[in-house]
Amino acid sequence: MNPYVYHTLSTLKSHIIKKLLLFTPNYHDGVIQQLITTIPVADFDVAQGGQVEIIGWLYQYYNTEPKDLAFKKKKYAKTDIPAVTQLFTPDWIVKYMVQNSLGRYWIDVLKSKGDTRNEHAIANAYGWQYYMPAADQSAASTIKINSEQNDLSNVEIEDITLIDAATGSGHILVYAFDVFMQFYENEGFSKREAAQLIIKKNIFGFDIDTRAFQLTYFSLVMKAREFDRRFLNSDVQPKVFDIPETADLSSADFHELIKNSIEKKELDELLAPFQYGNNYGSLIHFKSQPNWKILDRIATEQVGDTQLSFDSINLEYNQAKLSRVIKIAKLLNQEFTVGVMNPPYMGSSKMNLILKKYVESNFPDSKSDLFAAFMERLRMFVSPQGYYSMITQHAWMFLSSYEKLRKSLRHDTFINMAHLGTRAFEEIGGEVVQSTTFVLKKQENINYVGTYERLVDFDSQSKKETAYLEAVKDNGVNYLYRTNQANFSKIPGNPIAYWASDNLIHDFEIGTPMDDLVDARQGLATADNKRFLRMWYEVANQRISFHSKSIDESIQSNKKWFPCNKGGAYRKWYGNYDYVVNWENDGYEIRNFNWPNGKQRSVIRNPSYYFREAITWSDITSGTLV
């Protein structure tokens with residue numbers, strides 16, 4: 001390595017370590033010590049792409065211990081939220097999201113300006129290997145916006161903005177910087193000029209965690225420094241912010257400047273959500289446009305007496321805090337061209353009361369989980385004809401609790417979805433967290449044929465990536481689907497069932513609903529299967545009744561164990577007839593299985609359906625119901 005370059009990288013490493021000391025009380029052991037002793041100097045070379053990964057993984061591992069402690073709690077305090085919701089987004093998924101949203105918008109702009117290449121050729125020219133070209137659209141594809149509104153020929157690069165509403169350590173924004181740099185260079189800008197413009201004009205981010213904000217800020221500064229050696233001496237600052245919390249600020253602090261009740265109301269409505277800024281984060285939004293003129297005046301106007309006093313100093317201090325709130329509130333109220341994010345995941349049962357009430361009040365269609373609320377919020381951020389892309393849990397695609405959310409998304413266009421399933425994140429094992437990443441356009445196109453890659457059967461992060469790239473190269477793979485999103489509304493509940501065949505859709509349109517033929521009911525929930533269930537061969541055969549056809553017959557049999565269809569491994573047509581349940585004397589033990597406070601633990605649902613012929617299935621599956 002060139003001695004000058006080595007010296008520069010060594011100096012950079014030293015600066016990074018000094019910065020990291022802000023985030024830890026001791027660097028002689030743990031993650032920081034490993035960073036110092038085990039990572040080569042060359043890995044800090046931003047030209048090699050290592051910077052954002054190092055910072056991102058460092059931040060995630062920093063949060064490991066507080067995350068483990070928080071997971072044991074019934075409810076998360078606001079101080080727990082950063083740790084329990086932070087998950088470093090895999091690099092290929094970041095590239096998928098940015099290329100298929102920001103990249104797609106730029107292709108729209110180029111084509112509006114007269115570029116005759118198809119989108120595949122343009123994507124290849126930029127080296128976007130994760131870009132999935134759209135399916136051929138039929139002439140019936142109808143856009144409910146007139147052609148003048150679709151014209152992007154006057155859009156300049158400086159006009160295009162991208163927002164990440166929960167930045168974490170800045171992975172998405174750093175890659176977006178690279179893509180914007182490609183745009184500027186393609187248009188003839190110098191790298192130095194482009195770096196300044198990207199930071200000043202194009203990328204924006206929010207987070208509730210000051211530490212995450214600092215890491216994102218640092219990453220972007222170093223990214224700009226890669227292209228502009230004098231960037232650190234400029235006055236250009238990244239447009240990334242930690243959401244302030246102003247519990248100690250109220251309209252009473254500005255009584256000398258407030259002229260009437262209208263101005264007081266404006267200030268109160270601005271400050272109200274920021275009282276809990278560390279709970280709400282960028283979910284904060286304003287249902288009506290604040291009067292910025294009034295708010296700006298209160299934040300900047302000097303009182304008549306200019307004599308220095310404790311009161312005047314305190315007022316100036318409060319005005320400085322108010323100015324910061326106003327600045328961030330304006331951005332939270334702004335629309336952006338593109339939104340990309342990995343939102344925090346948190347079920348409503350884990351939300352603290354303050355956050356839960358805010359989500360229920362402001363995002364009633366998506367209140368079941370924080371990630372779904374951010375789906376609505378990111379959509380609010382994006383301007384018409386813009387794109388937004390996310391990676392989320394896939395529950396919103398199917399569960400009834402998200403049906404209203406799915407219906408609201410019908411006003412947008414599903415461009416692409418990579419349905420990841422389990423193991424999309426290497427550090428999350430098991431079959432619990434199932435993910436999907438997708439791109440929507442904020443424009444209604446009632447017959448658009450979207451593209452969907454079903455990657456749920458590939459059992460590792462690397463295999464999913466490889467399979468996705470194969471689908472980009474070969475649209476004929478059997479896990480790539482093309483479908484009109486109008487089909488989703490033909491199925492009860494509007495599930496995102498992109499794999500449904502034409503015949504199945506036809507059956508839903510003309511067929512008889514199951515409710516008209518049979519009653520669907522939930523069965524027994526013992527609350528302790530280890531106690532009440534056995535495999536049939538684990539108990540004496542003479543104690544099992546295989547032929548009871550009613551509760552009365554089960555009591556008369558004087559048997560203890562009875563067949564229980566619990567589910568199990570995949571079976572095509574029939575099987576898993578393996579379990580027996582302790583239902584002696586009409587389930588006496590299960591019915592009397594209580595918590596220490598006397599409340600019943602087990603759930604005896606629909607007992608009149610027990611012992612009857614039925615079609616049964618498990619309530620949890622990673623596959624399809626055949």
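Positions are given from 1, in the same order as the sequence printed here. Hydrogens, waters and symmetry mates play no part in the numbers below; they use all other heavy atoms, side chains included.
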* Polar side-chain atom of Ser435 near backbone of Gln393 as donor-acceptor pair, under 3.5 Å -> no
* To do: Please report the shortest heavy-atom distance between Ser282 and Ile243, naming the atom on each side.
  => N-CG1, 4.0 Å
* Hey, is the main chain of Ser368 close enough, under 3.5 Å, to the side chain of Ser401 for a donor-acceptor pair? -> no
* Please indicate whether Lys113 has more than 12 foreign heavy atoms, meaning atoms of other residues, nucleotides or ligands, lying under 6.0 Å from its NZ. => yes
* Grab the two heavy atoms, one from Ile604 and one from Leu524, that are nearest each other, plus how far apart they are. => CD1-CD1, 3.5 Å
* To do: Could you tell me whether the side chains of Ser153 and Asp151 share a donor-acceptor contact shorter than 3.5 Å?
  => yes
* Do the charged groups of Arg601 and Asp528 touch, with an N to O distance under 4.0 Å? -> no
* **Least distance between heavy atoms, Lys490 atom then Ile505 atom** => CD-CG2, 3.6 Å
* Asked: So, Gln182 and Trp106: side-chain donor and acceptor under 3.5 Å apart, yes or no?
  -> no
* Asked: Does atom CG of Asp502 have more than 12 heavy-atom neighbours, drawn from other residues, nucleotides or ligands, at distances under 6.0 Å?
  -> no
* For His285, look at atom NE2 and say whether over 12 heavy atoms of other residues, nucleotides or ligands are found less than 6.0 Å away. => yes
* To do: May I ask you to test the Pro343-Leu370 pair for a side-chain heavy-atom distance under 4.5 Å?
  => no
* To do: Keeping the roles fixed (side chain from Ser383, backbone from Glu335), state whether a donor-acceptor pair exists under 3.5 Å.
  => no
* Stepwise side-chain contact (heavy atoms from CB on, under 4.5 Å) check, Lys442 with Leu440 -> CA-CA 6 Å; Lys442 195 173 176 183; Leu440 289 99; over 6 Å; no
* Considering only heavy atoms from C-beta outward, does the side chain of Asp115 approach that of Ile107 to under 4.5 Å? -> no
* Asked: Just by modelled atom types, is the Ile284 backbone N or O under 3.5 Å from a matching donor or acceptor in the Arg377 side chain?
  -> yes
* Asked: What's the shortest heavy-atom distance between Ile157 and Asn202, and which atoms?
  -> O-ND2, 3.0 Å
* Asked: Any salt bridge between Asp586 and Arg591, counting N to O under 4.0 Å?
  -> yes
* Just by distance, with hydrogens left out, do Asn529 and Tyr579 show a side-chain donor and acceptor under 3.5 Å apart? -> no
* Is Ile415 close to Tyr448 at the side-chain level, that is, under 4.5 Å between some pair of heavy atoms? -> yes
* Structure fact -> All heavy atoms of Ala372 vs all of Leu405, minimum pair found to be CB-CD2, 4.1 Å
* To do: Could you check whether the rings of Phe183 and Tyr126 sit parallel, tilted or perpendicular, using 30° and 60° as the cut-offs?
  => perpendicular
* Return yes if some donor-acceptor pair links the side-chain N/O of Thr436 with the main-chain N/O of Leu420 below 3.5 Å, else return no. => no
* To do: Evaluate the side-chain proximity of Tyr175 to Met97: yes if any heavy-atom separation is below 4.5 Å, no if none is.
  => no
* Determine, for Asp108 against Arg104, whether the closest basic-nitrogen to carboxylate-oxygen distance falls under 4.0 angstrom. => no
* Asked: Which value, rounded to the nearest 0.5 Å, describes the distance between Leu355 atom CG and Lys357 atom NZ?
  -> 12.5 Å
* To do: Quick one: do Phe611 and Ile551 satisfy side-chain contact (heavy atoms from CB on, under 4.5 Å)? Show the steps, please.
  => CA-CA 7 Å; Phe611 298 101; Ile551 289 179; 4.0 Å; yes
* Got Phe458 and Ser460 here, is their nearest side-chain heavy-atom distance under 4.5 Å? -> no
* Asked: Hey, does Phe532 have a side-chain heavy atom less than 4.5 Å from the side chain of Trp583?
  -> no
* Geometric class of the Tyr452/Phe414 ring pair [parallel <30°, tilted 30-60°, perpendicular >60°] -> tilted
* side-chain hydrogen bond (donor to acceptor under 3.5 Å, both in side chains) assessment of Tyr609 paired with Asp519 -> CA-CA 10 Å; Tyr609 284 74; Asp519 292 329; 3.2 Å; yes
* To do: Indicate yes or no: at least one non-hydrogen side-chain atom of Phe180 is less than 4.5 angstrom from one of Ile160.
  => yes
* Under 3.5 Å: donor-acceptor pair, side chain of Asn416, backbone of Thr451 -> yes
* Asked: Would the number of heavy atoms belonging to other residues, nucleotides or ligands and lying under 6.0 Å from CG of Asp136 be above 12?
  -> no
* Pairwise distance CG(Asn478) to CG(Asp457) - rounded to 0.5 angstrom -> 9.0 Å
* Asked: Sub-3.5 Å donor-acceptor pair from the side chain of Gln137 to the main-chain atoms of Val449, do we have one?
  -> yes
* Trp92 and Tyr468 aromatic ring geometry - parallel, tilted or perpendicular at 30°/60° bounds -> tilted
* To do: Could you walk me through whether Tyr96 and Glu465 pass the side-chain hydrogen bond (donor to acceptor under 3.5 Å, both in side chains) test, one step at a time?
  => CA-CA 10 Å; Tyr96 162 86; Glu465 178 183 4; over 6 Å; no
* **Val382 to Gly339 - nearest heavy-atom pair and separation** => CG2-N, 3.7 Å
* Asked: Taking the six-membered ring of Trp561, is the NZ or CZ of Arg534 close enough (under 6.0 Å from the centre) and on axis enough (within 45°)?
  -> no
* Would you say Arg406's side chain and Gly493's backbone share a donor-acceptor pair under 3.5 angstrom? -> yes
* **Distance in Å, Leu162 CG paired with Ser101 OG, rounded so as to fall on 0.5 Å steps** => 6.5 Å
* Asked: Are side-chain N/O atoms of Thr167 and Asp164 paired as donor and acceptor at under 3.5 Å?
  -> no
* To do: Answer yes or no: is there a donor N or O on one side and an acceptor on the other, between the side chain of Ser489 and the main chain of Asn494, under 3.5 Å?
  => no
* Ring center gap for Phe562 and Tyr610 short of 6.0 angstrom -> no
* **Euclidean distance, Ser501 OG relative to Asn487 CG, rounded to 0.5 Å** => 10.0 Å
* Asked: Will you find, in the side chains of Gln522 and Asn606, an N or O donor that is under 3.5 Å from an N or O acceptor?
  -> no
* Straight-line distance of Thr413 OG1 to Tyr387 OH, nearest 0.5 Å -> 8.5 Å
* Could you give me the CA-CA distance, side-chain angles and deciding distance for Asn475 and Arg482, then say whether side-chain hydrogen bond (donor to acceptor under 3.5 Å, both in side chains) is met? => CA-CA 10 Å; Asn475 291 169; Arg482 311 275 203 191; 2.8 Å; yes
* Is there a donor in the side chain of Asp412 and an acceptor in the side chain of Tyr388, or the other way round, less than 3.5 Å apart? -> yes
* Asked: Does the Lys464 side chain pair with the main chain of Thr422, one donor and one acceptor, at a distance under 3.5 Å?
  -> yes
* **Point-to-point distance, once rounded to the nearest 0.5 Å, from CZ of Phe204 to CG of Leu173** => 10.5 Å
* Taking C-beta and beyond as the side chain, do Glu119 and Trp128 meet within less than 4.5 Å on heavy atoms? -> no
* What class does the angle between the rings of Phe206 and Phe381 fall in, given that below 30° is parallel, 30 to 60° is tilted and above 60° is perpendicular? -> parallel
* When Phe438 is tested against each of Met390, Met397, His394, His419 for side chain to side chain contact (heavy atoms under 4.5 Å, CB included), which residue passes? -> Met390
